[in-house]
2 protein chains.
Amino acid sequence: MTAASKTVSDVIHSHFGKLTRAEKQLAESLLDNYPVSGLGSITTIAENAGVSTPTVVRMVQKLGFKGYPDFQSHLHQEVEATISNPIAKHDRWASNAPGTHILNRFADAIMGNLRQTLSALDTATFDSVASLLSDRKRGLYFVGGRITGALAEYFFTHMQVIRPNTALLSSNSSSWPQYVLNMNPGDLLVIFDIRRYEQEMVSLATAARKRGAEIVVFTDQWGSPAAKLARHTFRVQIEAPSAWDSSVVTLFIVEALIEAVQSSTWDETKERMKTLEGLFEQTRLFRKLS
Amino acid sequence: MTAASKTVSDVIHSHFGKLTRAEKQLAESLLDNYPVSGLGSITTIAENAGVSTPTVVRMVQKLGFKGYPDFQSHLHQEVEATISNPIAKHDRWASNAPGTHILNRFADAIMGNLRQTLSALDTATFDSVASLLSDRKRGLYFVGGRITGALAEYFFTHMQVIRPNTALLSSNSSSWPQYVLNMNPGDLLVIFDIRRYEQEMVSLATAARKRGAEIVVFTDQWGSPAAKLARHTFRVQIEAPSAWDSSVVTLFIVEALIEAVQSSTWDETKERMKTLEGLFEQTRLFRKLS
DNA sequence: ACTGTCATGAAAAGAAATTTTCAGCCTGCG
DNA sequence: CGCAGGCTGAAAATTTCTTTTCATGACAGT
């Protein structure tokens with residue numbers, strides 16, 4: 001009954017004040033390297049904590065469990081939840097292991113970003129954007145800033161293969177007006193704008209809106225000013241143990257969108273890709289001949 | 001002794017052919033929702049698999065464990081590694097959970113890619129490349145293919161800020177010779193080449209080598225032919241539940257390298273960034289005035 | 001100093017889990 | 001058809017784990 005939705009860790013914390021010395025010692029041993037330390041038998045964890053087995057039994061009963069097996073089965077469920085859900089609660093490792101290699105610290109940060117971004121991301125938004133992108137009647141325009149330009153290009157390169165009517169705006173803003181001129185109502189402008197937001201993005205978005213275009217913005221957790229003009233916004237967690245922001249999670253969403261669009265229009269796309277393959281082949285032949 | 005470095009899952013797979021009917025049934029039950037399903041008592045898992053407890057004992061002994069407790073303690077260690085290491089082992093996801101959203105399936109795949117890539121990646125390689133990139137006496141050249149061009153650009157954009165003497169080769173191979181002409185011995189050519197390997201990359205690498213340049217290649221698990229000419233190679237896991245390959249992990253390594261270079265030359269970089277900020281400021285003023 | 005209360009662990013009792021034994025059963029082969 | 005060999009699970013035997021009981025000791029209040 002107790003500890004139905006709360007985690008065992010929560011239960012321990014909330015009872016911590018009422019625990020006796022040996023029980024506190026045991027509780028700390030359990031929380032240290034939680035929840036794995038509670039996987040073994042009562043004998044094992046009693047030894048690890050340096051207390052007797054009756055202490056363990058008394059404590060878990062004090063925490064509201066029927067007995068040690070009951071306690072352990074709760075723990076097992078938690079481990080299961082943690083392991084089988086990849087976006088699971090990995091808050092633990094965050095601060096630990098400070099001296100590790102930059103690769104590992106980066107990996108930690110990225111996983112955290114991914115988890116946070118996904119938990120804050122509405123799948124409905126994602127699906128809506130995917131369906132907008134899939135609509136071949138809409139013209140598609142991509143634009144990014146100094147750093148995010150590469151992401152816009154990546155997105156564009158793929159979408160160009162999948163569907164027609166796609167354009168990449170150069171990161172040089174002087175050429176933007178001519179693109180805006182060509183926009184029709186219902187066209188889609190995909191903007192990448194993360195911090196050190198570029199002023200011109202707002203102007204571009206405003207102009208595009210006036211032409212009746214829909215806007216999708218990829219930005220960070222603080223939000224580009226252009227997001228106010230957007231139909232849909234992806235707020236991505238971009239923090240990294242670095243002087244630079246991380247674009248990894250943004251790229252992740254881009255790739256997922258590419259796949260979503262691709263699979264929703266596979267029949268049409270298949271033909272395009274075949275044709276494209278043929279064109280590449282021809283180009284190669286050209287070169288060999290020349 | 002057995003199953004020291006191999007995971008329990010590996011051991012089961014490698015013995016699978018030699019297992020009897022009931023044992024196969026048990027093995028599948030264990031692998032399904034692995035490794036959580038093996039957390040309970042021998043009685044529990046026997047029931048879940050629909051076999052008797054002696055079958056369990058016989059099988060784990062056949063797998064090379066001393067007995068069920070031995071088997072289980074190995075499993076515990078794996079769970080521990082999985083949970084406390086964020087680059088956790090997520091080999092599972094593959095076929096399971098078909099009804100989940102593309103975002104989750106993608107996330108699973110990316111985590112798997114990241115883990116596999118990192119476990120196969122030698123930190124010494126990483127550190128060597130970082131130090132090559134940090135050496136300002138070496139000229140730096142970046143090149144990518146049709147898809148990976150965006151990654152080359154991303155890498156280039158950052159390195160250009162951090163250090164001088166950096167160039168991005170256009171993805172159009174016709175302009176490559178002039179870059180090669182300018183290469184000096186000790187210069188560094190960073191090549192991105194993933195499957196549907198581009199023929200020209202090998203020619204480029206060969207020409208660069210003749211000029212005395214060092215080569216670093218980012219490729220996939222199968223390996224670009226250009227990797228044979230490289231001093232260092234990053235083999236990245238790129239599989240995604242998509243018709244396209246994933247560049248997320250490649251970008252991850254790029255970002256980690258950027259940070260490694262940046263932090264190793266922070267004093268010099270700081271000045272450059274300040275100057276750059278000033279230049280951007282001026283550009284903005286220009287625009288406002290005009 | 002005495003007494004009651006409580007925490008604690010040793011040890012016994014009880015309850016599981018694990019392993020072993022063994023008989024039934026199927027399968028393949030002569 | 002009969003038999004050998006191996007798979008399988010019921011049940012017994014063994015080991016281990018879990019819970020309870022109880023003696024000890026620490027400590028606070030009288």
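In this text the structure is predicted, and so the values were computed from the model without any measurement. Labels below follow one simple rule: chain letters A, B, ... track the order of the sequence lines, proteins then strands, and each chain is numbered from 1.
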Plane angle bin for B:Phe218 and B:Phe192 - parallel if under 30°, tilted between 30 and 60°, otherwise perpendicular: parallel
Phosphate contact (C:dA17 OP1 or OP2) by B:Thr43 side-chain N/O below 4.0 Å: yes
Side-chain N,O (A:Thr53) to OP1/OP2 (D:dT18) below 4.0 Å: no
Between [atom2] of [N] and [atom1] of [X], the distance in whole Å:
X	N	atom1	atom2	answer
B:Glu47	C:dA17	CD	P	9 Å
A:Met59	C:dA7	CE	C1'	15 Å
B:Gln72	D:dT15	CD	C1'	15 Å
B:Phe71	C:dA17	CZ	P	17 Å
B:Leu26	D:dC7	CG	P	15 Å
B:Lys66	D:dT15	NZ	C1'	13 Å
B:Tyr68	D:dT14	OH	P	23 Å
A:Leu39	D:dC17	CG	P	14 Å

Sugar-phosphate, base or nothing in reach of B:Ser41, heavy atoms under 4.0 Å: sugar-phosphate
Touch class at under 4.0 angstrom, heavy-atom based, for A:Gln61 against every strand present: sugar-phosphate
Distance-only donor-acceptor test (3.5 Å): side chain B:Arg58, base D:dG6: no
Side-chain donor/acceptor contact of B:Arg21 with base of D:dG6 under 3.5 Å: no
B:Arg231 atom CZ, neighbour heavy-atom count above 12 within 6.0 Å: no
Options D:dT18, C:dT8, C:dT20, nucleotide nearest the side-chain atoms of B:Val57: C:dT20
Minimum-distance nucleotide to A:Ile42 side chain [options: D:dT18, C:dA17, C:dT8]: D:dT18
Option passing side-chain contact (heavy atoms from CB on, under 4.5 Å) with B:Phe252 (candidates B:Val236, B:Leu118, B:Asn113): B:Leu118
Check: B:Glu259 and A:Phe106 side chains under 4.5 Å, non-hydrogen atoms: yes
Between B:His232 and B:Phe126, ring centroids under 6.0 Å: no
